[in-house]
There are 2 protein chains.
Amino acid sequence: MQAKDVLSIGEIAARVGLSVSSIRFYEARGLIQAHRSAGQQRRYHRADIRRLSFIRIAQQLGLTLEEIKAELDRLPLGRPPNARDWRGISTAIAATLDQKIQALMKTRDRLDGCIGCGCLSLETCALFNPRDQAAKGGAGPRYLLGDDIPPATKASAHD
Amino acid sequence: MQAKDVLSIGEIAARVGLSVSSIRFYEARGLIQAHRSAGQQRRYHRADIRRLSFIRIAQQLGLTLEEIKAELDRLPLGRPPNARDWRGISTAIAATLDQKIQALMKTRDRLDGCIGCGCLSLETCALFNPRDQAAKGGAGPRYLLGDDIPPATKASAHD
DNA sequence: ATGCAACCTCAACCTAGATTGAGGTCAAGC
DNA sequence: GCTTGACCTCAATCTAGGTTGAGGTTGCAT
């Protein structure tokens with residue numbers, strides 16, 4: 001297990017369990033950079049393994065690439081990040097996760113109330129109220145989980 | 001407030017707080033049906049208000065349209081669903097939600113362990129382990145939340 | 001010095017969940 | 001009976017997060 005300091009994209013992909021195409025995609029999105037060989041092939045440092053692994057984990061945790069980029073942008077520029085740097089941003093992400101869990105539990109409780117009260121009877125039900133916008137605007141269940149709520153859409157619902 | 005029994009798509013859209021285009025989209029996806037006027041315009045029944053509202057709520061709860069369709073398909077066919085029918089599927093959804101919360105909390109705990117153990121040190125870390133596939137395969141954070149885990153992808157990671 | 005796997009770019013395609021626009025029809029009020 | 005807003009279909013576009021393929025280079029081992 002010789003400590004190889006410079007890796008090709010295929011090598012680093014195998015190391016972190018990502019596809020080559022994803023890594024190029026992340027580069028296009030600004031989450032990672034590579035320097036190039038004389039023939040324009042991407043070359044990575046050992047430290048990039050950690051960076052890519054972090055991306056993978058953060059995705060498992062439900063963060064968008066935008067969010068992940070925001071965290072990564074807080075890493076130091078001049079030197080490779082150390083354990084403390086990583087611990088810092090992991091802690092930040094744990095907090096984000098907590099918020100998402102809280103939001104989900106709150107919603108769960110509301111649903112409970114709705115079921116309990118013989119609800120789904122409209123008008124009185126918070127979940128059924130059209131003015132109670134939450135799921136509009138993007139793909140996926142994201143708003144629900146604690147992200148920005150987009151400004152109310154046109155739905156002129158005067159029921 | 002006259003009880004109108006038949007509604008146009010614009011009317012029902014306003015009632016439930018959805019856009020007209022979404023409702024057509026849901027129809028294309030098989031979540032709702034309309035009968036048609038002589039001139040091919042969609043006509044909805046009062047009972048469809050509840051159906052569409054349910055779709056909205058279930059989305060807020062983070063279900064995909066596929067999942068929502070699966071629930072709706074369990075409603076009776078011959079008659080309009082009653083309160084008990086709705087209560088039944090709401091309960092089912094509460095259970096799904098619980099699973100998602102559990103999964104999220106478990107992941108949160110794992111992250112905690114990782115931070116605590118001075119982790120992010122690779123090799124030993126469960127979250128950092130490439131073989132620990134979870135976020136691959138589709139869009140969004142969905143697998144994480146307890147959905148099907150897709151079969152392991154090619155990543156030949158023999159680190 | 002050559003062969004071939006791995007790399008390069010760029011464009012097209014994919015799913016989910018829609019919105020927007022073009023071009024055309026319906027129906028209700030005056 | 002005509003105007004006008006609401007409706008119709010169908011195709012294109014969008015975001016997120018990628019994959020796939022075409023067509024063309026690089027670079028390492030023999």
Side-chain angles (χ1 to χ4, degrees), chain A residues 4 6-14 17-32 34-44 52 55-56 58-60 62-69 133-145 147-148 150 153-156, chain B residues 6-14 17-32 34-44 52 55-56 58-60 62-69 134-145 147-148 150 153-156:
Chain A
K4 214 173 163 183
V6 170
L7 303 131
S8 72
I9 193 167
E11 287 165 342
I12 203 167
L18 285 169
S19 68
V20 166
S21 62
S22 306
I23 296 178
R24 291 203 194 101
F25 181 75
Y26 297 153
E27 181 178 318
R29 281 283 199 278
L31 277 77
I32 184 143
H35 50 275
R36 302 294 185 118
S37 73
Q40 293 310 303
Q41 297 197 355
R42 289 171 180 82
R43 294 299 179 240
Y44 296 91
L52 286 171
I55 294 171
R56 236 169 54 80
Q59 278 203 295
Q60 288 180 41
L63 305 208
T64 64
L65 293 187
E66 269 302 303
E67 289 168 330
I68 297 170
K69 176 169 162 41
Q133 293 284 356
K136 308 299 300 304
R142 230 157 273 130
Y143 296 120
L144 187 253
L145 296 176
D147 288 14
D148 296 336
T153 41
K154 50 197 168 189
S156 66
Chain B
V6 170
L7 302 132
S8 71
I9 193 167
E11 287 165 342
I12 203 168
L18 284 170
S19 69
V20 165
S21 62
S22 305
I23 296 177
R24 292 203 194 100
F25 180 75
Y26 296 153
E27 182 178 317
R29 281 284 198 277
L31 276 79
I32 183 139
H35 50 276
R36 301 294 183 118
S37 73
Q40 293 311 302
Q41 297 197 354
R42 288 171 181 82
R43 294 297 178 242
Y44 295 91
L52 286 170
I55 295 171
R56 237 170 54 82
Q59 278 203 295
Q60 290 179 40
L63 305 208
T64 64
L65 293 186
E66 268 303 303
E67 289 167 330
I68 297 169
K69 176 169 162 41
K136 307 300 299 306
R142 228 157 274 131
Y143 296 120
L144 191 251
L145 297 176
D147 288 13
D148 297 337
T153 41
K154 50 197 168 190
S156 67

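In what follows, chains are A, B, ... by sequence order, proteins preceding strands, each numbered from 1.
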Taking for each residue the nucleotide of DNA chain C with the nearest heavy atom, is it Ala38(B) or Leu65(B) whose nucleotide lies nearer the 5' end?
Leu65(B)
Which distance, rounded to the nearest 0.5 Å, do you find between the [atom1] of [X] and the [atom2] of [Y]?
X        : Y        : atom1 : atom2 : answer
His35(B) : Tyr44(B) : NE2   : OH    : 10.0 Å
Leu31(A) : Ser22(A) : CG    : OG    : 11.5 Å
Arg42(A) : Ser8(A)  : CZ    : OG    : 11.5 Å
Ile32(B) : Leu52(B) : CD1   : CG    : 3.5 Å

OP1 or OP2 of [N] sitting under 4.0 Å from any side-chain N/O of [X]?
X        : N       : result
Ser37(B) : dA27(C) : yes
Ser21(A) : dT20(D) : no
Tyr26(B) : dA18(C) : yes

Produce the list of close N/O pairs, under 3.5 Å, pairing protein atoms with atoms of nucleotides 11-13 of chain D; give distances to one decimal.
none

What is the separation between atom CD1 on Ile68(B) and atom P on dA16(C), rounded to the nearest whole Å?
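The answer, rounded to whole Å, is 13 Å.
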Between dG17(D) (C1') and Leu63(A) (CG): distance, integer Å
14 Å
Picking from dT19(D), dG17(C), dT19(C), which would you name as closest to the side chain of Ser19(B)?
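Of dT19(D), dG17(C), dT19(C), dT19(C) is nearest to the side chain of Ser19(B).
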Where the side chain of Gln59(A) is defined as all heavy atoms beyond and including C-beta, which of dG17(D), dT19(C), dG27(D) is the nearest nucleotide?
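Looking only at heavy atoms from C-beta outward on Gln59(A), the closest nucleotide is dG17(D).
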Does the side chain of Arg43(A) reach to within under 4.5 Å of the side chain of Ile9(A), using non-hydrogen atoms?
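Not in contact.
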For Ser21(A), all residues meeting side chain to side chain contact (heavy atoms under 4.5 Å, CB included), sequence neighbours excluded
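Ser21(A): side chain to side chain contact (heavy atoms under 4.5 Å, CB included) contacts with Ser19(A).
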Output one letter per nucleotide in nucleotides 5-12 of chain C: B when a protein non-hydrogen atom lies under 4.0 Å from the base, S when only the sugar-phosphate is that close, - when neither is.
--SSB---
Ion pair check, Glu27(A) and Arg36(A), cut-off under 4.0 Å
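Yes.
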Output yes when Glu67(A) and Arg29(A) qualify as a salt bridge under the 4.0 Å nitrogen-oxygen rule, no when they do not.
no
